[in-house]
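We use all heavy atoms of the structure for the numbers below, so side chains are in, but hydrogens, waters and symmetry mates are not. Only a predicted model underlies this, so the values are computations on that prediction, with no experimental measurement involved. We name chains A, B, ... by the order of the sequence lines, and we start the count at 1 in each one.
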Amino acid sequence: MLAELAPRRHLTLALASEQAYHPTMSRLIRMDNTGHSTLAEWTADDPAAVEAAVAAFQTELDRGYFGMVSTGEGHAEQVKQLPIDAGLVIMRRPIAGG
Amino acid sequence: MTEVLPELAAVHWRPRVDEQRLRRVGLGWTVTTIAHVVPFAGAGVALLAAEPLAFPVTLASFAHAWIIPELYAARGANVIRSRRFRATAQAERVSVGLLGDLVSHEARELHRETGLVLERGRLGVWLVGATGALLVRPGGKRVLCYCVRVPEEELPAGDRIAHLLLALRSDEAGFATVANCAFSGARWRVRRRMAAAMRPALDRAGAVARESGLDPVSNVAV
């Protein structure tokens, strides 16, 4: 029983260690017909991931999406450039009066 | 970063909503209601006084005085009526998960029970649904019903609410400007026309609006 759990424990420790190394993994997501899709994940100390996220963000802007970040309870802001330090950036479609 | 809703460009002719404009809209709806009720009710009373045998005709007149305001209130309540969208059940679940990350525990619970998200704003207390939003004004007596949506057929309901919520949070007055006001009137009138499952959300919004019942302009309790 313990032997079966051991590999999982190693995996948990490995994940914890990885999270400790990358404490703030940011995500770029797009709200779409699947609920939402993760377009990019990055940390500020990974230039390649940041570059990929910036490119993904720009692609969505070109498709007519707006980038949004939460700025505290009950507040959000539209962003025109990917905020590297934001934890979560959400792409939304324009709204309209019905 | 910008604080003005980009969708305002599509309705550039509309003056931006503010406290004064909301009051004017509310007054306009009150005058409209009076203009419908008083002539029909007055005609009924006058006819009944002149000729009691014309009672059936006066009933029709009274019915008009009652039905027309009810139809307006129903139109207002319809903006948050539950609808089925083309999204899959899995997409609906995922979208509700994301929405849950955006709101407080209290709002999450209320959404689970009623399908509406309560959001406190500067103009009042909002109830956001998938195809519209209600604004309960400070004091909790008056409600404005806004028709506003995401023109994408396959988005799940949770994402639709999240779209509206993010837009509302980024520019509340801009959100109210982009949205079409379908009705403004007493909260009890809208409540009567809402689905029973959604009424607790309006009750809660009314209570919150009463608790924080300060007039945002004069800072006087209303």
Task: Test item: side-chain donor near acceptor, B:R149 and B:N180, under 3.5 Å - done: no
Task: Contacting region of A:T34 [heavy-atom separation from chain B under 4.5 Å] - done: backbone
- [ ] Can you tell which part of B:A162 gets under 4.5 Å to a heavy atom of chain A, answering side chain, backbone, both or neither?
- [x] both
- [ ] Would you please say whether a donor-acceptor pair under 3.5 Å links the side chains of B:R83 and B:T131?
- [x] yes
Open item on the list: Is any side-chain heavy atom of B:L144 closer than 4.5 Å to one of B:V25?
Closed with: yes
Open item on the list: Tell me if the CD atom of A:E51 is crowded by more than 12 foreign heavy atoms within 6.0 Å.
Closed with: no
Task: Portion of B:F85 that has a non-hydrogen atom of chain A nearer than 4.5 angstrom - done: neither
Task: Ring-ring centroid check B:F40 B:W66, cutoff 6.0 Å - done: no
Task: Between CG on residue B:L99 and NE2 on residue B:H111, distance to nearest 0.5 Å - done: 5.0 Å
Task: Part of residues 87-96 of chain A lying next to chain B, heavy-atom separation under 4.5 Å - done: A:I90, A:R92, A:R93, A:P94, A:I95, A:A96
Open item on the list: Counting only non-hydrogen atoms closer than 4.5 Å, does B:A167 touch chain A with its backbone (N, CA, C, O), its side chain (CB onward), both, or neither?
Closed with: both
Open item on the list: Heavy-atom cut-off 4.5 Å, strictly under: side chain, backbone, both or neither for A:M68 against chain B?
Closed with: side chain
- [ ] Please state whether the side chain, the backbone, both or neither of B:L102 comes within less than 4.5 Å of a heavy atom of chain A.
- [x] side chain
TODO: Quick one: pull up OG1 in B:T177 and NE2 in B:H12 and give me the separation to the nearest 0.5 Å.
DONE: 13.5 Å
- [ ] Check the side chains of B:Q20 and B:R23 for a donor-acceptor pair under 3.5 angstrom, ignoring hydrogens and angles.
- [x] no
- [ ] Tell me, yes or no, whether the heavy-atom count around A:Q81 atom CD, taken from other residues, nucleotides or ligands under 6.0 Å, exceeds 12.
- [x] no
